Amino acid sequence: MTSTDLPAAQLLARTLARSLHFLPELLPGETAVSIEGEQAVQHRVFCDRLLDGGRRCPLKAGHIGACHRIATDADRDNPEADRSSPDADRDNPDDE
């Protein structure tokens, strides 16, 4: 796929990676994009820092603020679930 600029390409790649999260072979943290003709220069899409509990930060690379995981539907159904941030949500503006 192609995009007109780097931020748009990163957003598209994040969206695609998240939509395919059910595939065990997919490692979202390894997702990167490159400029046509410069495939050796990769631009990370996700932060991917290691969080407590062995999970990885799913926010965009270079996000502002602390790393945290994004709440899932299962977390919302289980109020006892361990969450790094009570406000973590898929609508996080840092993640777009």
Side-chain angles (χ1 to χ4, degrees):
M1 301 191 92
T2 62
S3 182
T4 57
D5 59 40
L6 182 59
Q10 289 172 311
L11 177 59
L12 176 60
R14 275 195 310 278
T15 302
L16 288 172
R18 287 193 175 133
S19 71
L20 298 172
H21 76 277
F22 62 89
L23 297 173
E25 305 86 7
L26 185 69
L27 299 173
E30 298 298 320
T31 306
V33 296
S34 63
I35 296 171
E36 187 175 2
E38 297 180 26
Q39 283 76 22
V41 179
Q42 300 287 309
H43 300 272
R44 295 186 69 85
V45 172
F46 294 101
C47 171
D48 203 39
R49 286 188 188 120
L50 188 60
L51 301 172
D52 291 340
R55 293 183 183 239
R56 298 279 181 174
C57 177
L59 301 178
K60 71 178 184 174
H63 66 85
I64 298 171
C67 294
H68 59 82
R69 56 183 276 235
I70 296 173
T72 64
D73 290 336
D75 292 334
R76 291 180 189 101
D77 292 340
N78 180 5
E80 301 299 317
D82 174 35
R83 296 198 299 199
S84 300
S85 171
D87 298 326
D89 196 18
R90 291 196 183 276
D91 297 328
N92 186 327
D94 273 346
D95 201 30
E96 300 195 334

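Computed from a prediction, not measured in an experiment: that's the story for all the values here.
- Atoms OG1 and CZ, on T31 and R18 in that order, are 10.0 Å from each other to the nearest 0.5 Å.
- R44 and Q10 get closest at one heavy-atom pair: O-NE2, 3.0 Å.
- The heavy-atom pair separating A13 from V45 by the smallest distance is CB-CG2, 3.8 Å.
- Counting heavy atoms from C-beta on, the side chains of C67 and L51 come closer than 4.5 Å.
- Between the side chain of Q39 and the main chain of E36, no donor-acceptor pair closer than 3.5 Å is present.
- A distance of 10.0 Å separates SG in C47 from NE2 in H68, rounded to the nearest 0.5 Å.
- With contacts defined as side-chain heavy-atom distances shorter than 4.5 Å, the pair V41/S34 does not qualify.
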Exercise for the section: Before giving the answer on side-chain contact (heavy atoms from CB on, under 4.5 Å), spell out for K60 and F46 the whole-Å C-alpha distance, their side-chain angles and the decisive distance to 0.1 Å. Expected result: CA-CA 4 Å; K60 71 178 184 174; F46 294 101; over 6 Å; no
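- Looking at residues two or more places apart in sequence or on another chain, you find no salt bridge (charged side-chain N to carboxylate O under 4.0 Å, His left out) involving R56.
- The shortest side-chain heavy-atom distance between D48 and E30 falls under the 4.5 Å cut-off.
- Closest approach of I35 and H43 over heavy atoms only: CD1-NE2, 4.3 Å.
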